[in-house]
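Below is one structure, written out as structure tokens; comments come after it.
These figures come from a predicted structure and were not determined experimentally. Here is how names work: the chains are called A, B, and so on, in the same order as the sequence lines, proteins then strands, and each is numbered from 1.
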Amino acid sequence: MGSDQANQTPYYITTPIYYVNDRPHIGHCYSTLIADVAARAQRLVGRDVFFLTGTDEHAEKVSKTAAEHDKTPMEWATINADRFKAAFEFMNFSNDDFVRTTEERHKAKAVEYITQLKDEGIVTLGDYEGWYDPSQEEYLTEMVAKENDFKSPVTGKPLEKRVEQNWFFDLPRYEPWLKERIDSGELRILPEARKNEVLGRLKQGLRAVPVSRKIKEGDADWGIKMPGDDSHRIYVWIEALCNYLTTVDNAERGQYWEGEVVHLMAKDILWFHAIVWPAMLHALGKKPPETVYAHAYWIAEGKKMSKSLGNFIEIDLLQAYAEKYSLDAMRWFLTTQGPLGANDADFAHARFVEVYNADLANSVGNSMSRVGNMINKYFDGTIPATCNGEFGFPNGSSLQTALTALDNAGKTVDDPSRTYHFPEFTQKAVSDAVDALGKMDLESMLDSGRSIVRHVDDFISYCAPFTLAKQLDTLGDGKHALESILYSCCEALRIASLLLSPAMPEKMAELWGNWNCDHLNNPEDPNSGFKAPLSELAAWGGGYSIKPDQEILKGEALFMRADVKEQPPETGRNS
RNA sequence: GGCGAGGUAGCUCAGUCGGUCAGAGCGAUGGAUUCAUAACCCAUAGGUCGAGAGUUCAAGUCUCUCUCUCGCCA
């Protein structure tokens with residue numbers, strides 16, 4: 001998609017719904033952050049976006065844990081769902097809804113879907129044979145059973161081969177359809193390595209998927225009954241997948257499913273999303289998703305996170321980082337350094353500080369600060385005139401003047417023939433960012449914003465406005481040249497800030513506040529939405545550009561340089 | 001065990017159809033500069049492109065063998 005015409009298709013992005021018995025940690029926050037950045041970027045581009053996250057609550061263990069805490073399953077689920085809501089609010093996620101699978105709106109629709117599949121003979125009764133762990137009352141996969149020498153991984157007691165009747169979804173009949181769909185790219189599986197993985201596994205053939213579990217004696221009344229069969233419940237996995245559709249399967253939100261649908265998740269649950277779910281949708285006569293994106297994992301200081309090591313990066317540590325370096329800096333680190341590709345990424349403190357200093361303090365923050373400072377110093381906070389951003393011969397009189405000033409000061413210019421074309425440069429950055437967004441390459445998208453910052457820094461070193469500023473009395477058109485140069489820096493950084501805003505909404509809104517940029521519906525609220533699509537906001541000399549009388553306040557530094565030697569922030573948790 | 005991905009500068013990684021492909025960013029070092037947050041700008045990495053063999057006028061880039069790491073297996 002080029003940059004000339006914005007994509008008007010509605011955009012629907014989802015995260016997995018999270019298991020309520022978990023405590024919110026970096027994994028949950030990362031998946032949801034990626035979705036948030038993509039959603040914010042798509043809104044910035046001007047699309048109608050719906051961003052969904054939520055909690056998966058009907059697992060058997062939830063009712064058990066609830067009992068251990070003297071709570072009803074619902075009370076327990078609510079306590080934990082609220083933890084996720086609080087964590088996500090802290091992360092400043094812009095989700096449009098938060099679905100809980102215990103909500104009636106979800107349950108009713110899920111029953112409807114399963115009923116339809118049953119009526120059409122796609123879900124039928126059959127025998128399920130598997131390795132059962134009596135001590136844990138759960139079935140293990142063939143692989144897990146084998147790895148543990150067919151003994152319980154928890155108690156070490158032998159597993160039992162058990163057969164029970166279940167309802168099955170006839171997945172094999174969709175094998176050709178799935179293969180064609182994935183091969184053709186209509187169903188896009190990202191990153192590429194994951195697509196190969198899925199196709200490889202598809203070659204080994206498909207089996208029917210159990211969609212129910214038999215209700216055992218003593219089970220709490222928890223979960224959704226299998227329609228037409230009170231002795232079974234809908235298997236939580238199947239029911240959970242349905243959330244993506246149940247939430248928007250109505251008159252008000254139906255357009256989102258018809259638009260572009262993107263499911264985002266960690267790699268462990270790719271199969272369900274890339275194979276089982278699209279096949280179910282196809283069986284239901286619904287359009288499958290356009291994109292299924294499976295990212296890898298975070299590890300902590302070079303080690304896998306595990307319960308036994310107790311090194312999970314939980315929400316409290318993220319809060320400590322946000323407290324010390326700002327929330328947006330933490331969002332930036334996770335987004336740009338995270339495992340968006342096929343490989344795991346390391347959350348290491350030293351790395352965090354490095355990236356913070358290099359990307360934010362030294363680059364974005366410093367550049368915005370130096371430009372704002374010069375405008376205050378030389379023009380008392382407002383630029384008297386705009387500039388078309390063109391600095392090249394033979395029309396580069398402003399640049400020529402600056403070089404003359406350098407010459408006067410006895411400074412040598414290594415290459416006096418350089419030219420700068422800011423409108424072209426910034427437009428290229430914007431269109432690159434939009435293209436990267438289309439590929440879910442958020443790192444590249446954000447780097448397009450940083451490329452403008454680098455360009456401005458380079459420009460400043462080259463034409464040295466601070467040297468020019470000292471010769472305003474002696475150079476006839478010195479003032480005009482200085483105005484043009486600083487205006488262009490300022491306007492370019494404004495455009496850069498738009499591209500950086502999906503990852504750092506608060507900090508960029510802070511800049512717009514300081515510089516009196518009129519991008520947001522409510523300047524006080526970073527989440528209030530943009531007044532216009534990116535193509536208009538980012539237009540050089542357009543309706544949202546820096547105006548001659550616009551006040552450019554210095555403001556506080558957005559990102560102060562951090563000391564590399566400082567210890568990681570404390571969580572306040574006793575560990 | 002089956003299928004798959006990968007081993008390229010200290011770190012994270014780019015390298016399309018084999019021939020400026022030996023690169024980028026970060027870190028480190030040196031220089032220049034002072035508007036700025038000891039920031040910015042410029043220069044510097046001589047790395048056997050995991051090991052060995054083969055194909056070719058020419059191979060990180062193709063073939064084979066070995067080795068190591070990793071992922072997926074409902």
Inset, instruction - Would you classify A/Asn366 as touching base, sugar-phosphate or nothing, given that sugar-phosphate means primed atoms plus P, OP1 and OP2, and contacts are heavy atoms under 4.0 Å? - result: base
Inset, instruction - Could you please name the option among B/C41, B/G27, B/G71 that lies closest to any side-chain atom of A/Ala358? - result: B/G27
Legend entry - Residue A/Gln204, side-chain atoms from C-beta onward, closest of B/G2, B/U37, B/U33: B/G2
Inset, instruction - Using a heavy-atom cut-off of under 4.0 Å over every strand shown, decide if A/Leu270 touches base, sugar-phosphate, or nothing. - result: nothing
Inset, instruction - Indicate, with a heavy-atom threshold strictly under 4.0 Å, whether A/Ser369 touches base, sugar-phosphate, or nothing. - result: base
Legend entry - A/Tyr321 and A/Phe347 aromatic centres sub-6.0 Å: yes
Inset, instruction - Could you check whether A/Lys554 gets within reach of a base, just the sugar-phosphate, or nothing at all, counting any heavy atom under 4.0 Å? - result: nothing
Inset, instruction - Specify whether A/His28 and A/His25 have parallel, tilted or perpendicular ring planes, treating 30° as the upper limit for parallel and 60° as the lower limit for perpendicular. - result: tilted
Inset, instruction - Would you classify A/Tyr378 as touching base, sugar-phosphate or nothing, given that sugar-phosphate means primed atoms plus P, OP1 and OP2, and contacts are heavy atoms under 4.0 Å? - result: sugar-phosphate
Inset, instruction - Could you please name the partner base of B/C72, counting Watson-Crick and G-U wobble pairs only when both distances are under 3.5 Å? - result: B/G2
Inset, instruction - In plain terms, say whether A/Asp435 and A/Lys439 are close enough for a salt bridge, that is, a side-chain N and a carboxylate O under 4.0 Å apart. - result: no
Legend entry - Partner nucleotide, any strand, of B/A22 [Watson-Crick/G-U, under 3.5 Å]: none
Inset, instruction - Would you classify A/Gly205 as touching base, sugar-phosphate or nothing, given that sugar-phosphate means primed atoms plus P, OP1 and OP2, and contacts are heavy atoms under 4.0 Å? - result: base
Legend entry - Pairing partner (Watson-Crick or G-U wobble, both distances under 3.5 angstrom) of B/A14: none
Inset, instruction - Can you figure out which of B/U34, B/G71, B/C41 approaches the side chain of A/Ser461 most closely? - result: B/C41
Legend entry - Any strand: nucleotide that pairs with B/C41 via Watson-Crick or wobble, under 3.5 Å: B/G31
Inset, instruction - Would you indicate what A/Lys203 reaches in the nucleic acid, counting non-hydrogen atoms under 4.0 angstrom: base, sugar-phosphate, or nothing? - result: nothing
Legend entry - Residue A/Glu197, side-chain atoms from C-beta onward, closest of B/G71, B/U34, B/U37: B/G71
Legend entry - A/Phe422 and A/Phe459 aromatic centres sub-6.0 Å: yes
Legend entry - Distance, rounded to the nearest Å, where A/Arg370 contributes CZ and B/C40 contributes P: 9 Å
Legend entry - Side chain of A/Phe466 - closest among B/G27, B/U33, B/A39: B/U33
Inset, instruction - Looking at every strand, decide which applies to A/Lys195 at a 4.0 Å heavy-atom threshold: base, sugar-phosphate, or nothing. - result: nothing
Legend entry - Any strand: nucleotide that pairs with B/A53 via Watson-Crick or wobble, under 3.5 Å: B/U63
Inset, instruction - May I ask you to say whether A/Lys479 pairs ionically with A/Glu483, meaning some side-chain N is under 4.0 Å from a carboxylate O? - result: yes
Inset, instruction - Under 4.0 Å between any heavy atoms, over every strand shown, what does A/Ala557 touch: base, sugar-phosphate, or nothing? Just pick one. - result: base
Inset, instruction - Among B/C72, B/G27, B/G71, find the nucleotide with the atom closest to the side chain of A/Glu354. - result: B/G27
Legend entry - Options B/C35, B/U37, B/C41, nucleotide nearest the side-chain atoms of A/Arg561: B/U37
